[in-house]
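In what follows, a structure is listed as structure tokens, so that the remarks can point back to it.
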Amino acid sequence: MSDLPTSDGPDHRARPTPPGSPVPVAMTATPGRGIRRFGLLPPAHGRANRTARRTPSRAGRNLPAAIGVGLALLGALIAGLFFSPLLFTGFVAVFVVIGVLEFARAMAFRRLLLPRIPVAIGAAVLPFAAYLGGAEMLTLGYVGACLLTVLWRALDPRPGAPAVARAGVLALTWIPLMVSFALLLLRTEAGALKLTTMLLLVVANDTFGYVVGVLFGRHAMAPRVSPKKTWEGFAGSILGAAGIGLICVPVLLGRPWWVGAVLAVATVGAATVGDLAESMVKREVGIKDMGTILPGHGGVMDRLDSIVLAAPVAFLMFELLMPRS
């Protein structure tokens, strides 16, 4: 697919809708107010421009709002981990459902109308399947969700079923399946402490990468995909996450310091790839953020992008470096 303009939305005039083709809800002139309010549709250009003018930071974020929202989310997640794992699972499920709806909204800019009902059902079920039933139930739930999505679209008379079905399976794989590895990690011995360590490493990756990138960033990692992500910021992410790993792994998990260093490097690498993957999707469809539901961050997927690949990599690294007795 070719590059699109990097504006608040794509240039619809360059790709006219064929006669008889449905127009996505996200592209209509007067979308539903309720959907817009929850950040699942792009803001009007005027409001987007006003928001951009209020954003003071070099990296394009409202820094106080971003810090406040980030700390609140991290606190809620950690509290749920230790006091009510089932509530934590529900919290994850809500985030995952919003994430797949944001992805569906992005795909609408490419005239791909994902079957939102089966995709949302699958996104809600997979985290609970992972936590309550383990890997076997997660696999069964994933296969069932994919089959339901494909069948749902196959029964739709509108054209373009294969492309839409593939996009639906991608949404289920990229977001709920990958994130559900965090719930598999929670089921292991000292799972809450392991998951807390992973979350702190992801936060360290984002925070130190952001700060170092703003202060010292000069060399872009992938200028065509994410111009503001630099090699200097990536080095800051590794050093910051390594520092967190060197503290958390010996203190929380009682393992050697080098385990924390290896885990930090693997987590930062996976989180960076996940961040670039989401940036590539946004660049391809021509949007700045996946949504507006989180002040200072954008959409839910703008926060989940680092976790979607960090979760399975962290699960694998813990299994390799800290095998079950």
Derivation and outcome, side chain to side chain contact (heavy atoms under 4.5 Å, CB included), residues Lys228 and Val214: CA-CA 9 Å; Lys228 293 176 183 176; Val214 168; over 6 Å; no
Does this structure show an ion pair linking Lys194 with Glu189, if we count only N-O contacts that are shorter than 4.0 Å? no
Contact between Trp258 and Leu321 at the side-chain level, heavy atoms closer than 4.5 Å - yes or no? yes
Minimum heavy-atom distance Ala167-Phe103, with the two atoms named: O-CE2, 3.7 Å
Let's go through Arg283 and Val225 carefully: what are the C-alpha distance in whole Å and the side-chain angles of both, what is the deciding distance for side chain to side chain contact (heavy atoms under 4.5 Å, CB included) to 0.1 Å, and is it a yes or a no? CA-CA 6 Å; Arg283 175 76 56 165; Val225 174; 5.5 Å; no
Could you point out which residue of Asp275, Asp206, Thr267 forms a side-chain hydrogen bond (donor to acceptor under 3.5 Å, both in side chains) with Ser306? Asp206
Option passing side chain to side chain contact (heavy atoms under 4.5 Å, CB included) with Phe318 (candidates Val259, Thr188, Val313, Leu253): Leu253
Measure the spacing between OG1 of Thr149 and CG of Leu172 and express it to the nearest 0.5 Å. 4.5 Å
First locate atom CE of Met107, then atom CD of Glu102, and finally report the distance between them rounded to the nearest 0.5 Å. 12.5 Å
Are Leu200 and Trp257 in one and the same hydrophobic cluster, where Ile, Leu, Val, Met, Phe, Trp and Tyr link if side-chain heavy atoms are under 4.5 Å apart? yes
Verify side chain to side chain contact (heavy atoms under 4.5 Å, CB included) between Tyr131 and Leu186, making sure each step is shown before the conclusion. CA-CA 7 Å; Tyr131 176 67; Leu186 183 58; 3.8 Å; yes
Is the backbone of Leu183 close enough, under 3.5 Å, to the side chain of Ser180 for a donor and an acceptor to pair up by distance? no
Residue from Leu155, Leu147, Leu148 passing side chain to side chain contact (heavy atoms under 4.5 Å, CB included) with Leu151: Leu155
Rounded to the nearest 0.5 Å, what separates atom CZ in Arg166 from atom CG in Leu114? 12.0 Å
If hydrophobic clusters are built from ILVMFWY residues whose side chains come within less than 4.5 Å, do Val265 and Ile244 share one? no
Treating Arg218 as the side-chain partner and Trp231 as the backbone partner, does any N or O pair qualify as donor plus acceptor under 3.5 Å? no
Phe91 vs Val94 side-chain heavy atoms within contact, under 4.5 Å: no
I'd like to know if the side chain of Ser226 reaches the main chain of Ala222, judged simply by a donor and an acceptor atom lying under 3.5 Å from each other, with no hydrogens or angles considered. no
Indicate the atoms forming the closest heavy-atom contact of Ala93 with Pro127, along with that distance. CA-CG, 4.0 Å
4.5 Å side-chain heavy-atom contact, Val96 and Val300: no
Take a 6.0 Å sphere around CD1 of Ile117 and say whether it holds more than 12 heavy atoms from other residues, nucleotides or ligands. no
Search all heavy atoms of Glu284 against all heavy atoms of Arg110 and return the closest pair with its distance. OE2-NH2, 3.0 Å
Is there a donor-acceptor contact under 3.5 Å from the side chain of Arg255 to the main chain of Val249? no
List the steps and the verdict of side chain to side chain contact (heavy atoms under 4.5 Å, CB included) for Leu201 and Val268. CA-CA 8 Å; Leu201 290 175; Val268 169; over 6 Å; no
Applying side chain to side chain donor-acceptor pair (under 3.5 Å), run through Tyr142 and Thr173 and close with a yes or a no. CA-CA 8 Å; Tyr142 170 70; Thr173 305; 2.5 Å; yes
Over all atoms of both residues, closest heavy-atom pair of Val169 and Cys146: CG1-SG, 4.0 Å
Quick check: is Leu193 connected to Phe181 through a chain of hydrophobic side chains (ILVMFWY, heavy atoms under 4.5 Å apart)? yes
Looking at every heavy atom in both Ala171 and Pro176, which two are closest together, and how far apart are they? O-CD, 3.1 Å
Does Leu252 belong to the same Ile/Leu/Val/Met/Phe/Trp/Tyr cluster as Phe82, with side-chain heavy atoms less than 4.5 Å apart forming each link? yes
Can you tell me how far CH2 of Trp174 sits from CG of Leu304, rounded to the nearest 0.5 angstrom? 9.5 Å
To the nearest 0.5 angstrom, please state how far the OH atom of Tyr210 sits from the NZ atom of Lys229. 12.5 Å
Got a second to check how far Thr89's OG1 is from Leu132's CG, nearest 0.5 Å? 7.0 Å
Nearest heavy-atom pair of Ala310 and Val202: which atoms, and what distance? CB-CG2, 3.9 Å
Do Leu276 and Leu170 sit in the same hydrophobic cluster, where Ile, Leu, Val, Met, Phe, Trp and Tyr count as joined when their side-chain heavy atoms come under 4.5 Å apart? no
Would one find more than 12 heavy atoms of other residues, nucleotides or ligands at under 6.0 Å from atom CE of Met322? yes
Within-4.5 Å side-chain heavy-atom neighbours: Thr272 and Asn205: yes
Backbone N or O of Val212 within a donor-acceptor pair of the Glu232 side chain at under 3.5 Å? no
